[in-house]
Amino acid sequence: AYFAHIAVSFVLVPVHLLVMAAMTQVKSPVRGLHRLSPLAPATVALIASLLMSLTSFEAMPHVEDEVAYLFQARTFAGGALTTPAPPEVLVPGLDYYLLDVQNGRWFAATSPGWPAVLALGVKIGAPWIVNPILAALSVLLAFAVTERLAGRDRADIVALMMGTSPWLLAMAGSLMTHTLTLFLMLLAWWMILRAAEQSRRRDLRLLTAGAAMGLVFCTRPLDGLIAGGLTGLWLLFGSGGATSQRVRRSLPYAIGCVAIGSLLLIYNHMITGGAFTQPSTVYLDKYWAPGANSYGFGANIGPTGGWGALDLWPGHSPLEALINTLNMAVSLQFDLMGWPIGSLALVLAFFLWQRPQKEDRLMLTFTLVVIGATFFYWFADSYYIGPRYWFMAAFPLFYLSARGYQAIRERFPDKDHLAFLRIDAILVFCCVFGLAVFLPWRGVTKYYEYGDFNPTVREDLAAGRFKTDAPGGAIVVVTRNGDPGGAIFLNDPWLRGTIFLNQEGKVDMATLRAAFPDREVIEYKADWSGL
């Protein structure tokens, strides 16, 4: 079956290319990409990702990580870093991946950056709106960065591709961290470029850029080290001028990085007692084995008991890293743009026909470092929303794609710009296909109720099924409803109101009723059978 799939692909891809070649010979309905305001693709990104969030993702978590992020965001929104540990009788029913009980405290073993931003959405009762807003702002920032690096024409192309990218839009529809890190990186680069244009407020802009990179570190530490470190090296060695000038420019940026990035170390110390010991490390050392989540190669790296297809075999080796990298490359080729000719077709055109400029080499270096850094980590996630560990390389890939597209433009005869208009029409057609065909297909067949997460319990709660006259609300023990996270995420971190427990043979019902005689205990089986 696999080889049949490959054979069919070898037929279909040339067919798609021939269709596009034929389109170059007909009159174009597009009158040039320069007529597009960057607000247009940014608005498309906002609306499409909001629709994804509300429909495909149902405005709720769909993987365990998102349950933890939302729990910690609610904790932060309530003005605390942790909450008191639940009563012992409730702990078995609240046991869930990345939710930890330590020393009388209950918290999510995640980095604090994204939950802190997500808490803003929690405050207004709409956490699902945060990522779509960040995605739209990222498109505007990508346009601004590209315009300063390479001019308006290339900026239009980058904004168009970003605003219609199924990868970017699906990620923004979720509750994952990656849209925030992309936004912060682009914000930092925009500030640095603005600082280079004029000396007025230069230090403040560089300080803001460093602060943005510091927040990336607080959100995803490895991404922060990569993006912040490479950006700092560029400021110090690649931005021109005398050594003293480069150091002078780098200093405010470094201060911003350290000032905000150190908040993660303070947070670590307050949660684990060690500035360089992350809560996730303590959690996974306890539930897997000491050092199981380490970086690098080794026989004892990775989850004990295995994660099925998500971890090919025990430990982590160069061979497994190579297979993971190839798997994520295939996923990137599929999900980045959702084009039948392949999402990396324009990157290939760049390598074939463009002579790399300074900015191209920077983007290529950044992409290769991101890919190389992931090589040494045992987990390579491409099963949910594309190769998400490579998400920081999204903008550099769009930038290189725009360069490849310009190379294709240059190879068509330019008679009164008609060829340009026809080629532009093909690019717009491909982007519309990714937005209007590929993305809804993924939304319906993959993301909707992904991982057996479903809103049945939430809907029953809203319908008043669990109302009780007893003070404090009911205790609902869920015995069947897909992934337990579909109920656990509804809990208030202080366990105010109705409490939802996961019953997998761990909750002692007699003890539970004895401990809470004033509460109604409901054994719940959802009317849901999955997809």
Sequence neighbours left out, cut at 3.5 Å: what donor-acceptor pairs do the side chains of residues 123-136 make with other protein atoms?
| unit_1 | atom_1 | unit_2 | atom_2 | d |
| --- | --- | --- | --- | --- |
| K123 | NZ | A77 | O | 3.1 |
| N131 | ND2 | S174 | O | 3.0 |
| N131 | ND2 | M176 | O | 3.1 |

Between D424 and Y405, does a side-chain hydrogen bond (donor to acceptor under 3.5 Å, both in side chains) hold up when you go through it step by step? CA-CA 9 Å; D424 284 351; Y405 175 69; 2.3 Å; yes
Could you walk me through whether N327 and S382 pass side-chain hydrogen bond (donor to acceptor under 3.5 Å, both in side chains), step by step? CA-CA 8 Å; N327 184 47; S382 61; 2.9 Å; yes
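In this view, R220 and T177, D223 satisfy the side chain to side chain donor-acceptor pair (under 3.5 Å) rule, not counting sequence neighbours. Remark: K446 engages no residue in a side chain to side chain donor-acceptor pair (under 3.5 Å) (not counting sequence neighbours). Applying the side chain to side chain donor-acceptor pair (under 3.5 Å) criterion to Y96, with sequence neighbours excluded, gives D483. Among residues two or more places apart in sequence or in another chain, the side chain to side chain donor-acceptor pair (under 3.5 Å) test is passed with E64 by none.
The aromatic rings of F297 and F376 are tilted relative to each other, their planes meeting at an angle between 30° and 60°. Relative orientation of the F334 and F438 rings is perpendicular, given thresholds of 30° and 60° on the angle between their planes.
Pairs engaging residues 345-358 under the salt bridge (charged side-chain N to carboxylate O under 4.0 Å, His left out) rule: none recorded [sequence neighbours left out].
In this structure, W378 has its ring center closer than 6.0 angstrom to the ring center of W288.
Using a 4.5 Å heavy-atom cutoff, the side chains of N293 and Y377 are in contact. Residues T272 and Q278 form no side-chain contact, since every pair of their non-hydrogen atoms from C-beta on lies 4.5 Å or further apart. Within the 4.5 Å cutoff, side-chain heavy atoms of W106 are placed close to those of L495.
Using a 4.0 Å cut-off between charged side-chain N and carboxylate O, D100 and K286 make a salt bridge.
Residue R105 qualifies as enclosed at atom CZ: its count of foreign heavy atoms under 6.0 Å is above 12.
Checking side-chain atoms of T82 against main-chain N and O of F107 turns up no donor-acceptor pair under 3.5 Å. A donor-acceptor contact shorter than 3.5 Å is absent between the side chain of R154 and the backbone of R403. Between the side chain of T231 and the main chain of G228, no donor-acceptor pair closer than 3.5 Å is present.
In the model, Y384 has a side-chain atom that pairs as donor or acceptor with a side-chain atom of E66 under 3.5 Å.
Relative to the ring axis of W190, R194 places its NZ or CZ within 45° and under 6.0 Å from the centre.
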